[in-house]
Amino acid sequence: MITYVKVPIGTGGVPACVACAMTKDIAPLPLAAVDDALGRAAARVAPGAVFNVALTGIEAFSHPELPRLIGAARAHGADRIRLSTDGRFLAQGGNAYGAVSAGVTHLELVLVGGDAAAHDRLTKRPGAFDSACAGAREFIAAARSSALLSGRIPLCRHAVADAPATVALLASLGAVAVELDASSLNGSPAHAGLLAAACETATVNRVAAWVTGWDGELPVPYVTPPWRTEDGVAA
Amino acid sequence: MSRLTVVLAGINAPGYRSLALDYLEAAALADPRLDIAVNRFDLDTATDPWWIAYRILSLEPVPDVVALPVLCWTAEAVYTVARLVKEARPKTLVVLGGPEVGPIAEQVMLEQPHVDAVVRGEGEHAFAELLRSHARGGDIGGTPGVTAREGARVVHGPERSPLEDLDSLPSPFGKVRHATDGSAYVETYRGCPHRCAYCFEGKGSTRIRSFSWERIASDIDAVASTPGMGAFSFIDPVFNLTPDRLGRLADIMEPHARRGVRLHTIEVDIERVDAEQASQLVRAGVVSVETGPQSIGSAALGECNRTFDRDRFAAGVQACRSAGISVECDLIIGLPGDTPDDVIDGIDFVISLDPGRVQLSTLHVLPGTDLWERAADLGLAFDPRAPHEVVATRELSFADLRRLEVLGNAAARTYAARLRTRT
C-alpha cells in the first residue's frame, strides 16, 4: 500500500470530544522548521521510491502558512500530500479548490459524530458539522479523481455509540476510507460490537475501514488500512 | 432468395464499437450469395434495453433477423432485448453469439425461449451461412457452428473448425470511420499462447492464428490513418508475442507514431519486456500497457495455470516505466487458492512497483473457461446469472470478498491520487 511519512506542522485544533480530551491551543510550527523536516524526510526516501507526506498534528487550515507548506512539500518532491482537517474552513474563501490546486491529493476529514447534534455537542463547536459537510462536498467537487477524501473518527465512550452513523455520513460525503481511532476506548469489550457495526457500515457503503488503537478482539477482521503512515522527522 | 433485412446491434462499453460485429457485417456483406440490407447499432450499456428494442422495432421494414453479440456484462440486457423483439415480432429471427453464449449454447436456448439461434465460436462464416439458409426459407438447424430450434427441440449443427486463413475474412477496417479517441481496436491474430483458467481468449487451445503481415499492415494503416486519429488499441492478448513480431508491429506503427498516433492499454507479457522490447513499444507509439499479475499467491497461480516471477515482473515494469510507458497492473480478487493475505500481498506488490495504474476486479467465472468447468472441484461458488461473479471460494467467504473489494478500491484510488499524473 501507499506509505505516507508524517511531518508535523503544529499542534492543536484537531476535533475531539471535549469531555474526554484536553483541547490544545493551536500552535503552528514555523515554515522554516517544517521545510527543514520535509527535506530530511525526503532525503530518507530510497532512490526511485515515491515521497508521500502527511502534514499532521494540527487543524491544517488553521496554519497561516498552509499554502507555502504545501508548496514546500512539493518542492521536496512529494507526489502525494495529505492534510487532516475538521472541515470547518474548507467551504470558506475557496479553500477547497485552493487546496486541490495547491497540491493536496488526500484530505482526511476528522469527525466525532454523524450529525450536527452529536458532532457539535461533543466538540463544543456549534455549526462545525454543517461547515464540515459543506467543505467536504466542495473538496470532492474540486478534486474529481485527482484527490481523495477519507475520514478519521477519534472515538471515546461518548462518541462510540454514534460511530456507525458517522461512518455512514462520511461515506455519503464521498470518503473512500475511514479510520476508527479507538485508542481512547481502552479496549473495553462493551465497545467491540459498536466498532464492528461501524466497520460493517463502512463495507456496505463501499468504504474501507480499519480500527487503530484497539487491543481486544473484534468480531470482524478490520485491521488493514489502504495506506500506511510512518513517523517521519520532527520539525 | 429474398433480400433480408438484418439488424446487428451491439451493446458496448460507453464510446466503444463492437469489433465482432464489424467482422460479421463485413463478411456478410461480402458474401455474393447473400442479398442483405444491414442496419448497424452500437449502443452502450447505459441505454435501457427497452430503448434498444425501440431502435430495432421502429425500423421500417421490420428486420428479418436481429443479431446481438453477448458478453458476460451485457447478457441480461441482451436477453431483455431478445425477449421484447420476439414478443413484438415473432417472425423476426433472433440470433445471439459471443463468448457468453457460445460455450453454453444449449443452456441459453433452454433458458431463453425468445432466442432462435446461438452462433458458437467464430461467427463470420457461421452467421453468413445461417443467413443464407434463412433467406432460402430453409431450416437453420444443422448449420455448422449454430445451435438452433427445430420445433420443440434444440439442435446443434456440427462444430465448425476455426478459420485457418484469417485473410479470407474481409477486413472491416477500411469501411468505417474509426473513433479517434482511443476506443478503436485492431486484431492481428486470434488465440492466446496461455491457458489461464479464468479466461476464454484461447478457447481451450494455445494455438495462434495470425493474419498475414500484408493484411496486418493494411488494417493498422486504415485505422491509424483516420483523420484526427489520436490513439487506438489492439485486442491481441499478448502484443509482444515474439520479439520478431513486436519489431514488425513497431515497423508498421512507427510512421504513424511519428505523426503522434499513440497506442494505449496494449496487453503484454511484462516478464518478457526488457529495455529492447520497451524501446520497440515506444517506437510503435505505445504509451500504456496492461498486464497481470492477477495474483501472486502460489496456490491461485497453480490453479489458474499461470507462472509468476517476481523479479522479472518488476524488471519488466521498470523497463516500461524507464521508457515512459505507463503500466496497468491487474489483480483479480476471488481466484481459487487465494487467501485474504494473498490478495493484500498482491496489492502491496503492484503498488510497490509504482507501475502507473492499479486495477482490481472481482473474478467472474466465464462460460467455457477452465474455472467454469472445474468450479465444483475447486469449491468455487458463483452467480449462475451473468456476469457470473464469484460468490465464495474455499479461502474467501462472501463477506471476505466484499471487504477485499472495498479495500482494493480504496488502495487503488489512493495510488491514483498523485501529483505526477495531474494534467
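Note on naming: letters A, B, ... go to the chains in the order of the sequence lines (proteins, then strands), and numbering restarts at 1 for each one.
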Open item on the list: Which atoms of V207(A) are under 4.5 Å from chain B, going by heavy atoms: the side chain, the backbone, both sets, or neither?
Closed with: backbone
Task: Residue part contacting chain B, namely of A49(A), when any heavy atom lies under 4.5 Å - done: neither
Open item on the list: If you count heavy-atom pairs within less than 4.5 Å of chain A, which of I347(B), I351(B), D348(B) leads?
Closed with: D348(B)
Open item on the list: Please find the pair of heavy atoms, one from A208(A) and one from L407(B), that lie closest to each other, and give the distance.
Closed with: CB-CA, 4.1 Å
Open item on the list: Just so I understand: if I count every heavy-atom pair under 4.5 Å between each of R402(B), R418(B), Q318(B), R413(B) and chain A, which residue has the most?
Closed with: R418(B)
Task: Those residues that, when tested against E65(A), pass salt bridge (Lys or Arg N to Asp or Glu O under 4.0 Å) (two or more places apart) - done: R68(A)
Please report, to 0.1 Å, the donor-acceptor pairs under 3.5 Å made by any side chain of residues 166-177 of chain A, with sequence neighbours excluded.
residue: T166(A); atom: OG1; partner: G114(A); partner atom: N; Å: 3.0
residue: T166(A); atom: OG1; partner: D162(A); partner atom: O; Å: 2.9
residue: S172(A); atom: OG; partner: L169(A); partner atom: O; Å: 2.6

Task: CG on N409(B) to CZ on R206(A), rounded to 0.5 Å - done: 6.5 Å
Task: Backbone of Y415(B) reached by a side-chain donor or acceptor of R80(A) within 3.5 Å - done: yes
Task: Min side-chain heavy-atom separation R82(A)-T414(B) under 4.5 Å - done: no
TODO: Please look at R144(A) and chain B and tell me whether the side chain, the backbone, both or neither of the residue comes under 4.5 angstrom of a heavy atom of that chain.
DONE: neither
Task: Which portion of V100(A) sits near chain B, non-hydrogen atoms under 4.5 angstrom - done: both
Task: T105(A) side, atom OG1; R420(B) side, atom CZ - distance, nearest 0.5 Å - done: 12.0 Å
